[in-house]
Amino acid sequence: MYTERVMEHFRNPRNMGEMPDADGVGTVGNPVCGDLMNIYIKVEDNKIADIKFKTFGCGAAIATSSMITELAKGKTLEEALKITRGNVAESLGGLPPIKMHCSNLAADGLHAAIEDYLKRKEAEK
Ligand code: FES
């Protein structure tokens, strides 16, 4: 039911862990299943220099978190904001329809982390 890429990211998640000195943190919950995801970003020169995630969720949530960290790393904030829920699922070769809501968490978490960073920057002014 899962593609090989999903299983691979689930078995070897990239960029898993916390980032105590993050420049932005996005926390999102999934109302469908109650799962929770944190995305941490470090920003340098308007680019995502580093990104980590901590996810309490199903296998698909872990695989999509891992995938979004790979998609977002090195991108400008504008590019990263354009990564959609669909992009994440596509990059994993698709997700079973019943698991599509899980990929929403990753994209929403990334966007929330960027918004948090922009808000903090605004507050510094
Ligand atoms: Fe909760 Fe997948 S079932 S995120």
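The structure presented is a predicted model; accordingly, all values stated were derived computationally and were not measured. One-based numbering, in listed order, for ligands and for the atoms of each.
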Assess whether atom CZ of Phe10 is packed by more than 12 heavy atoms of other residues, nucleotides or ligands within 6.0 Å. no

So, 4.0 Å and heavy atoms of Lys99: is ligand 1 close enough to count as a contact? yes

Which residue is it: Lys42, Lys121, Lys47? I am looking for the one with a salt bridge (charged side-chain N to carboxylate O under 4.0 Å, His left out) to Asp23. Lys42

Could you verify whether a donor N or O on one side chain and an acceptor N or O on the other, from Thr76 and Asn46, lie under 3.5 Å apart? no

Atom 2 (Fe) of ligand 1 to nearest N/O/S of Cys33 below 2.8 Å: no

Do any of the N/O/S atoms of Cys102, backbone or side chain, fall under 2.8 Å from atom 2 (Fe) of ligand 1? yes

Salt bridge flag under 4.0 Å for residues Lys73 and Asp50: yes

Answer yes when Arg14 and Glu8 have at least one side-chain N-carboxylate O distance shorter than 4.0 Å, and no when they do not. yes

Under 4.0 Å from a heavy atom of [X]: which atoms of ligand 1 are those, numbered in the order shown and with their elements?
X: His101; answer: 2 (Fe), 3 (S)
X: Cys58; answer: 2 (Fe), 3 (S), 4 (S)
X: Ala61; answer: 4 (S)
X: Asn30; answer: 4 (S)

Any Val25 side-chain heavy atom under 4.5 Å of Ile39 side chain: no

By atom name, which N, O or S atom belonging to Asp35 lies closest to atom 1 (Fe) of ligand 1? OD2

